[in-house]
Amino acid sequence: MTKGDVFNRVQDVFIDVFDREDLIINELINSDEIQEWDSLNHLVLINSIENEFDIKFSFEEVASFNNVGGLIERIMQIIK
Amino acid sequence: MNILEYPLNSKVILRKKTAIKKELLLKNGFIEKKIAILGGSTTSEITKILELFLLNNGIKPNFYESEYNRYYEDAIFNEEALAKFNPDIVYIHTTNVNIQKFPDISSSNEDVEILINSEIDKFKSIWKAISLHNCDIIQNNFDLPFERELGNLDCYDIHGKTYFINQLNQQISLSARHIKNLYINDINYLSSYIGLQSWFDKSLWYQAKYALSMNSIPELSFNIAKIINSIFCKTKKCLVLDLDNTCWGGVISDDGLSGISIGTETAISESYTGFQKYIKSLQGRGVILAACSKNDFENAKEGFNHPDTILKFEDFSSFKANWNEKYKNIIEIVREVNIGLDSLVFIDDNPFERELACSQLPSLSVPDVGNNITEFINYIDRNGYFEPISFSIDDENRGKYYKDNKKRVDVLAEFTSYDDFLKSLEMVAEIKSFSQIYLNRITQLINKTNQFNLTTRRFTFSEVESIWGDDKFIKIYGKLSDKYGSNGLVSVIIGEVKSNVCHINLWVMSCRVIKRDLEFAMFDKLVKLCSNNKISMIVGKYYESTKNNLVSDLYKKLGFTLRSKDNNDSIWELDISNYKNKNKNNIIRINI
C-alpha cells in the first residue's frame, strides 16, 4: 500500500467520524484545527482507523498522535 | 434502518454515527423519554450509540449522564439532580470492574457470604433510592472476569472470582424477580455471546476507563434498547411466516407431504424442525402466529399434518394460503387479528417477496433473513422483536384468545342481530378498583393500547403503582369472560378527583373486546363510584392520535356535552344527575 492509499483511507475515516464531507486533511492538521476532535472523539477516530487497517496501536501511541502526519507514518510502519 | 439490525456491523455504526443520527432525525412521530445513565465506567460512546437505536424505534431520548464512576453517589446523595431531571428510566452501567472487593485466598466461607451480601446490599440501596423517582431501572448484571488466577477451579472454589460473580448474578436475578421496576441488562450473556476476548479491551480501559471494547459498544447499546423498547411496549406481537422453504424444506405442492423436509431424518429436515421448535415456544409465550403463503389452501394446510411437524394448523391465528400478492394477505391478517401493521414481523426465504412486502408496507418489519434456514432464528432472536420484560399469564393466554376469537367470528354469522349475538356470548365482567396483583397487566395494557385510548397517556409501572395507592384517584379495571373463554384484564379507567369533579385522565380498552359493550359496563361502574363519593361531575378528554379515531365520539355516545374543542382535541362534561344513559349495559353480567 502506498502512502497515497493510506492517506486517502485515513481521509475517508476523518470524513465519516467527524461527519464533514468537505473535510480535507493534510499531514500537519491536528486536533486544534478540527473542532469536533476532542479527547472522546479521539478514541472513536483511533478505533475507526484501527478497524480500517485491521491494526492495533499501543496506548502510548494513541495518546501521542497529535497530527495526521504522525498517524500515517505509524500506520505505514505497522502494515509494512 | 437496516444498519441498526442484526447482524450488526459495529465498525460502521461507530464510524458513521453522526450521519446515521442525522438520517434518523428526518423521521417524525417520536415519543420523547428521559433516560438517566449512571456509569461505573465511561459511558459517553454508549449513550451516543444508544440514542441511534432508540431513535430507530421511534423514541427520542433526553439523557442525563453521571460523572465518571459516580453512579453510587448520584443515586444515593444526588437525589435533587435526578429528581429535577425526572427520569423515565435509569440505566446503571456497572461491570466487574466495579466490584468493591473479591474474596482473598484466606477468606472463609462466611467471609465470602459477607462479601456477596455487601455487594448486593449496595445495589439494593441504589435501587431503593432510585425507585423514589417513580421510574424503571435497567441494571447490568456482571460480566465474567478476564483472568482466572485459579484456572478452572476459579468457577467452583469459594475464593474464585468466577464463582463470586456467578453468585452475585444469581442474587441480582432474584432481586429483579421481586422488584417490579427493575430489569436486568444481561451482559453476562452478551459478553459471552461476543466472546470475552473481544468484549474487554485492556488498553481502552487503562486509557479511558471504558469497561468494554469500543467495538462491543453497539451490541451493548442494542441490548439496552431492546429492554427500553419493551418497557415502552414497542415490541412486535405477530410473526407472519411463509411456508415452503421456511416452515419446511421443499415445496409442498410439488413434493407432496412425504417429500417435504421436516423431522430428524436429514440435516436439512432437522434444521427446519429446529426452526419450528423455536417458533412454537414463541407462540407458547403469547406471540401470535400467521401463515402467508402462495399456495393452494388445502395443500398448505396439509403440510401441518406431517407426522414430524411441531407446528400445527391450529397454532396459527390467521392462515392465508392463496395466490394473491403477499402484501395483500398481510393486510388481511392485520384486519383479522386486529393489531397494527407495525406489530408484525414477516419471515420469508424469498428475497423477491420480502422486497415487495417491504416496499408496499413500509411499517412492516421484514428482516433480510437470506435463504439459509439455520440463520432464520438469529434474525428473530437477535433483533429482539418479541423481547418481553415480564411474563404474565395473560401473555400465555393471548394465543388462545385469538383462537377463541375465530370461534366467536364463526358464531356471529349465525345470528341476525348483533345484540342477539352478544347475548349468546353469556358475558361476565369483573369490574373493580385496582388490586396489586394486576398492576403489571394494567401497565402493559396502558402502554400497548392505541385504538380504544382516549388520551394516549402512558404510565410506567411505578406510576401505576403510586396511583394504586393514592386515594385521590378512582381507578378501575375490567376483566371479561364469555362462554368461549376468558379475555383477561382488558380495560382500565383512571379518574383524578379534584374538588368534587372526576377528570378521566386515562381510559383504555383492548381491541380484542371492542364492540362488546364493555365500555358501557365500565362507565356505569365509574358513575356509581363517583356518586358514592359525592362527586357531581365527570370530565372526559379526547386527544386525537393517529390511531384512536375509534373513540372520537365515545363521550357523545355516553351523553356528555362538549365543553371545548381545540383542533381535534375535545373536552366533555357530564353532570351525573343527568346520566340518562344509565344502565346502558344490559348485556354483560357484572360479577362483584
Side-chain angles (χ1 to χ4, degrees), chain A residues 1 5-25 29-68 70-72 74-75 77-79, chain B residues 1 3 7-26 37 39 41-52 55 63 65-69 93 194 197-221:
Chain A
M1 207 181 303
D5 293 335
V6 172
F7 186 90
N8 287 339
R9 287 169 71 174
V10 170
Q11 162 95 52
D12 287 345
V13 173
F14 270 75
I15 287 175
D16 285 343
V17 170
F18 299 118
D19 191 40
R20 279 173 45 181
E21 268 179 51
D22 55 343
L23 187 66
I24 293 169
I25 56 169
I29 257 187
N30 62 36
S31 54
D32 296 337
E33 284 150 70
I34 298 177
Q35 201 198 342
E36 299 90 338
W37 192 347
D38 58 17
S39 62
L40 287 167
N41 271 333
H42 182 66
L43 295 170
V44 179
L45 178 72
I46 293 297
N47 177 259
S48 290
I49 287 170
E50 287 176 337
N51 286 336
E52 174 69 27
F53 294 97
D54 199 15
I55 55 175
K56 187 93 183 128
F57 298 116
S58 74
F59 62 81
E60 294 97 325
E61 283 171 339
V62 174
S64 72
F65 293 135
N66 50 16
N67 70 28
V68 170
L71 186 63
I72 287 177
R74 182 64 190 136
I75 297 170
Q77 281 172 359
I78 300 175
I79 62 175
Chain B
M1 201 186 268
I3 191 157
L8 286 190
N9 188 337
S10 294
K11 294 172 182 175
V12 176
I13 293 172
L14 289 163
R15 177 166 160 175
K16 295 187 186 262
K17 64 165 186 283
T18 317
I20 296 171
K21 180 177 164 183
K22 274 187 194 157
E23 198 182 326
L24 288 166
L25 285 171
L26 295 176
I37 297 190
S41 49
T42 311
T43 53
S44 152
E45 203 57 23
I46 298 171
T47 309
K48 287 180 192 154
I49 304 292
L50 176 59
E51 182 175 25
L52 303 182
L55 288 172
F63 288 114
E65 267 184 281
S66 69
E67 296 288 317
Y68 162 69
N69 203 11
H93 176 64
I194 291 172
Q197 243 191 102
S198 318
W199 166 258
F200 191 76
D201 177 348
K202 275 190 190 173
S203 141
L204 192 64
W205 167 245
Y206 294 131
Q207 280 175 76
K209 294 288 177 264
Y210 273 105
L212 74 168
S213 68
M214 204 54 98
N215 288 343
S216 299
I217 287 177
E219 289 282 2
L220 175 78
S221 297

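These figures come from a predicted structure and were not determined experimentally.
Side-chain contact between E45(B) and L43(A): absent, with no pair of heavy atoms (C-beta onward) separated by less than 4.5 Å. R15(B) is listed as a side-chain neighbour of V13(A), based on a closest heavy-atom distance under 4.5 Å.
In this structure, CG in N51(A) is found 9.0 Å from CG in N9(B), a value given to the nearest 0.5 Å. Rounded to the nearest 0.5 angstrom, Q207(B) CD and S39(A) OG are separated by 11.0 Å. Interatomic distance, OG1 of T18(B) versus CG of N41(A), reported as 7.0 Å (0.5 Å rounding).
For I217(B), no part sits under 4.5 Å from any heavy atom of chain A, backbone or side chain. The contact between S203(B) and chain A is made by backbone and side chain atoms together, counting heavy-atom distances below 4.5 Å.
Contact residues of residues 54-62 of chain A toward chain B are K56(A), F59(A), V62(A) (heavy-atom distance under 4.5 Å).
Annotation: salt bridge (charged side-chain N to carboxylate O under 4.0 Å, His left out) contacts of E67(B) (sequence neighbours excluded): none.
For K17(B), the NZ atom counts as densely surrounded, since its 6.0 Å shell holds more than 12 non-hydrogen atoms of other residues, nucleotides or ligands. Heavy-atom neighbours of E23(B) CD from other residues, nucleotides or ligands within 6.0 Å: at or below the threshold of 12.
When each of M214(B), K48(B), K202(B) is checked for heavy-atom pairs under 4.5 Å with chain A, M214(B) comes out on top. Ranked by non-hydrogen atom pairs under 4.5 Å with chain B, the options L45(A), D12(A), I46(A) are led by D12(A).
For the residue pair L14(B) and V44(A), the shortest heavy atom distance occurs at O-CG1, 3.9 Å.
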